[in-house]
Amino acid sequence: KFIKRDLNELISYGIGIISVVSGTSDQETLCTFVNELYLKRSLISIAPLLSFADKNTDPFSQIVSQIEHQLNELSKDLNENNETLENQVKEVQEQVKLQAVSKGIIGLRSGINSLDEKTGGWQGGHLITIAGRPAMGKSVFAIIIALEVSTTEKVLVFSREMTSSEILKRAVCAKGSFTMSELFSGSITAERLGDFNNETNNLLNHNLIINEHDYRINDIVYQIRRQAIQGLGLVIIDYLQLLEGSGFKQNDTSALTEITRTLKQVAKTLNIPIIILSQLNREVEARPRKVPQLSDLKQSGSIEEDSNMVIFCYRPEYYDINDFPNGDDAEGMAHLIIAKNRNGRTGFVKTGFSGNKAQFFDLEESYKPNNLIDYTQSARPTDLF
């Protein structure tokens, strides 16, 4: 009875407001104004988190993540007005126009042109997995990408695998005149120290941030959002299995599932590409050719499910195999196998590889394969092998 009475009063009140407003435009203005008041009042729900933050036993980064999550939920209501079909059509028109002008490469470049031609570059909102067995060059590939992108965009690298010193030494090898043997075995001469200082100083021209401390997913998300405030082009995480989820009692599979789902959501929300490096399980070693496939992704099927793209680093030379399954010479070479590509072609790209120089690189034009094989989503690159 009382609910019915209150509802009738509310309807009468609404009709009364409309009756004193003339014209459709005035009604739209009024609705916008009321919606603004609603959103502002909704901010009150966040007040307890701020008021009692000093009594909250959760880590600081987790409290900030909770606040950001609530703010993002409120922002959804504000952004819904922009998610019209007209705006979405205009957005896709701009994307295709950019593809036409840039010959299909609309994302950030990897530093390997033959790979970019297949992938279209690293695109905003995408989660990309680069996977392989140990010593296949995953970290080297990640450094090549970071150096390429950081010349024009800010790149944030999370490294649990290597220290910042190890990363920078590899970066100097990749871009300069030094070898891994010189910098890691102590064979560098005193006369070469000046050259080393000059080449390391050149790295200051790159907008690169190396974080070797944060490994919990909440801390990582906090740092990504923090850096994104002033613009962020790319995130690289080395590597997935060394991260920790937010729960204390999670097993490895549930933790990895949480991590990949969270990173995928962050990539979409901030419209940036996130690259994660991942180990593969030991089943690869039992095969004669040691060729990886999607089922080898370690511990969790969510890696494959959540990734827009999965790329394997494969170097048969490491296993003392002299050629690739398609007959190409394997000495000093690598295959980057695009095993999953949600928006494009799968297949493989043959590149040069130098472990002593920490380099993946495009081959000379005369040595490039004349016809890289294209694969549909249903035909995996391993079908060739």
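All values below were derived from every heavy atom in this structure, side-chain atoms included, with hydrogens, water molecules and symmetry-related copies excluded.
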>> Salt bridge check, K90 against E86: does any charged N sit closer than 4.0 Å to a carboxylate O?
In response: yes
>> One thing to verify: whether E199 and K175 come together as a salt bridge, which I'm taking to mean a side-chain N less than 4.0 angstrom from a carboxylate O.
In response: no
> Would you call L115 and T351 a side-chain contact if the rule is heavy atoms closer than 4.5 Å?
Replying inline: no
>> For a quick check under 3.5 Å, do K118 and N341 share a side-chain donor-acceptor pair by atom type?
In response: no
> Do we see a donor-acceptor contact under 3.5 Å between the side chains of E161 and S159?
Replying inline: no
> Going by distance alone, is a donor N or O of one side chain under 3.5 Å from an acceptor N or O of the other, for D214 and N211?
Replying inline: yes
> With clusters built from Ile, Leu, Val, Met, Phe, Trp and Tyr whose side-chain heavy atoms come within less than 4.5 Å, directly or transitively, what are the remaining members of the cluster of Y318, listed by chain and number?
Replying inline: M136, Y319, I321
>> Looking at D323 and R289, is any side-chain nitrogen of the basic one under 4.0 Å from a carboxylate oxygen of the acidic one?
In response: yes
> Can you name the nearest heavy-atom pair linking A358 to C173, along with the distance?
Replying inline: CB-CB, 4.2 Å
> Would you say R225's side chain and I220's backbone share a donor-acceptor pair under 3.5 angstrom?
Replying inline: no
> Quick check: does any side chain N or O of D362 sit under 3.5 Å from a backbone N or O of S114, one acting as donor and the other as acceptor?
Replying inline: yes
> Would you say the side chain of I112 lies within less than 4.5 Å of the side chain of F361, judging by non-hydrogen atoms?
Replying inline: no
> Are the side chain of K340 and the backbone of E304 linked by a donor-acceptor contact shorter than 3.5 Å?
Replying inline: yes
> For the residue pair I236 and A142, what are the closest heavy atoms and their distance?
Replying inline: CD1-O, 3.6 Å
> Which heavy atom of Q279 sits nearest a heavy atom of P134, and at what distance?
Replying inline: OE1-CD, 3.6 Å
> Could you walk me through whether L147 and V155 pass the side-chain contact (heavy atoms from CB on, under 4.5 Å) check?
Replying inline: CA-CA 9 Å; L147 290 174; V155 177; over 6 Å; no
> Any salt bridge between R160 and D238, counting N to O under 4.0 Å?
Replying inline: no
> Does any non-hydrogen side-chain atom of V149 lie less than 4.5 Å from one of N207?
Replying inline: no
> Side-chain contact, heavy-atom cut-off 4.5 Å: I338 with T119?
Replying inline: yes
> Would you call the rings of F348 and H335 parallel, tilted or perpendicular, where under 30° means parallel and over 60° means perpendicular?
Replying inline: tilted
> Which heavy-atom pair separates I105 from E117 by the least distance, and what is that distance?
Replying inline: CD1-N, 4.4 Å
> Within 45° of the six-membered ring axis of F184 and under 6.0 Å from that ring's centre, is NZ or CZ of K169 located there?
Replying inline: yes
> Heavy atoms, side chains only, cut-off 4.5 Å: are I224 and I272 in contact?
Replying inline: yes
> Checking salt bridge (charged side-chain N to carboxylate O under 4.0 Å, His left out) for the pair D296/K290: CA distance, chi angles, key distance, verdict?
Replying inline: CA-CA 11 Å; D296 297 324; K290 322 295 184 188; over 6 Å; no
> Looking only at heavy atoms, which two atoms of S302 and L256 are closest? And how far apart?
Replying inline: OG-O, 3.8 Å
>> Quick check: do F141 and L336 have side-chain heavy atoms less than 4.5 Å from each other?
In response: yes
>> Give me the atom names and distance for the closest heavy-atom approach of W122 to I145.
In response: NE1-CG2, 3.5 Å
> Regarding S181 and N356, is there a side-chain donor-to-acceptor distance under 3.5 Å anywhere?
Replying inline: yes
> Any salt bridge between E244 and R216, counting N to O under 4.0 Å?
Replying inline: yes
> Are any side-chain N or O atoms of T163 and backbone N or O atoms of E166, one a donor and one an acceptor, separated by less than 3.5 Å?
Replying inline: yes
> Salt-bridged, E182 to R192, with N to O below 4.0 Å?
Replying inline: yes
